[in-house]
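Taking it in order: structure first as structure tokens, then the write-up.
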Amino acid sequence: MSGFVSIRNLRKFYGDFEVLKGIDLEIEKGEVVCVIGPSGSGKSTLIRCINRLEDFSEDSAILVDGIHVTPGRSLARVRAEVGMVFQSFNLFPHLTVRENVMLAPRRVRRTPRAAARAQADRLLARVGIAEQADKYPELLSGGQQQRVAIARALAMEPQVLLFDEPTSALDPEMVGEVLDVMRALAGTGVTMVIVTHEMGFASQVADRVIFMDGGRVLEVGPPDQVLGAPQEPRTRNFLSAVLNH
Ligand SMILES: Nc1ncnc2c1ncn2[C@@H]1O[C@H](COP(=O)(O)OP(=O)(O)OP(=O)(O)O)[C@@H](O)[C@H]1O
């Protein structure tokens, strides 16, 4: 059976270096999947392929909601359904917080200004920063900026949200507030694929955890299986290294 996000024989090269070595993965609608693994294992590259921020081999296929993620017209349809949150927030510095959230609905959807503004304010309230709406991003803390980035992604009402190490650039005291917002999103129907080093979060929130190593998926299953009783020696080594860190 094919999932809402269907990844088939995903291969990618940087020059001669094969960074993804044939990944097969089916992700169900509304599922929360956490991707873990050592640095350089290909986690970010995998999720960046899902909305084709990265090209991949011609013999590979990714489908989102039945739409092939290929260059051309279908890519715009896919990108309208897939939101992304980056490690480094990537907010537009010359726009206020509210304008950041309004931008895509205004430009892509042609949402009338008043409606886009009302939606932005609703989303900013949902991520707990309604009072920051008129500020510019540089005046916000990292945790607040990342919550704006999540609100901005939600403004397009995505079916799928990709998170690329969303808390890795944050000071430790701000990690919790961002994870809380993500925790509240899980189970609301949006499909979430999260590259993370936060094992506690993954074990609480993920429906499935994927362990990647060397461009392959070595282990996949519910958190109590992959994190609690890993089968592969490399998964065990990785977990003991990060948990004893
Ligand atoms: N643009 C690029 N050109 C060449 N090699 C790249 C490029 N981007 C990534 N790589 C290499 O591909 C491999 C996988 O990178 P990727 O960022 O997907 O790993 P990752 O598992 O997300 O690692 P991390 O946890 O450190 O972010 C790494 O060896 C990296 O050096």
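Computed over heavy atoms, backbone and side chain alike; hydrogens, waters and symmetry mates excluded. Atoms within each ligand, like the ligands themselves, are counted from 1 in listed order.
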### Task
Output all residues satisfying salt bridge (Lys or Arg N to Asp or Glu O under 4.0 Å) with Arg109, sequence neighbours left out; order by chain, then residue number.
Glu157
### Message
If the criterion is any heavy atom closer than 4.0 Å to an atom of ligand 1, which residues make the list?
### Response
Tyr14, Phe17, Val19, Pro38, Ser39, Gly40, Ser41, Gly42, Lys43, Ser44, Thr45, Glu165, His197
### Non-hydrogen atoms of Ile62 and Cys49 that approach each other most closely
CD1-O, 3.6 Å
### Message
Running the 4.5 Å side-chain criterion over Ile, Leu, Val, Met, Phe, Trp and Tyr, what cluster does Tyr136 land in, apart from itself?
### Response
none
### Summary
The single option from Ile36, Val242, Val175 that satisfies side chain to side chain contact (heavy atoms under 4.5 Å, CB included) with Glu198 is Val175
### Query
Which heavy atom of Leu103 sits nearest a heavy atom of Phe92, and at what distance?
CD2-CE1, 3.4 Å
### Message
Give me each pair satisfying ring pair (Phe, Tyr, Trp, His ring centres under 6.0 Å) with a member in residues 176-228, each pair once, sequence neighbours excluded.
### Response
Phe211-Phe238
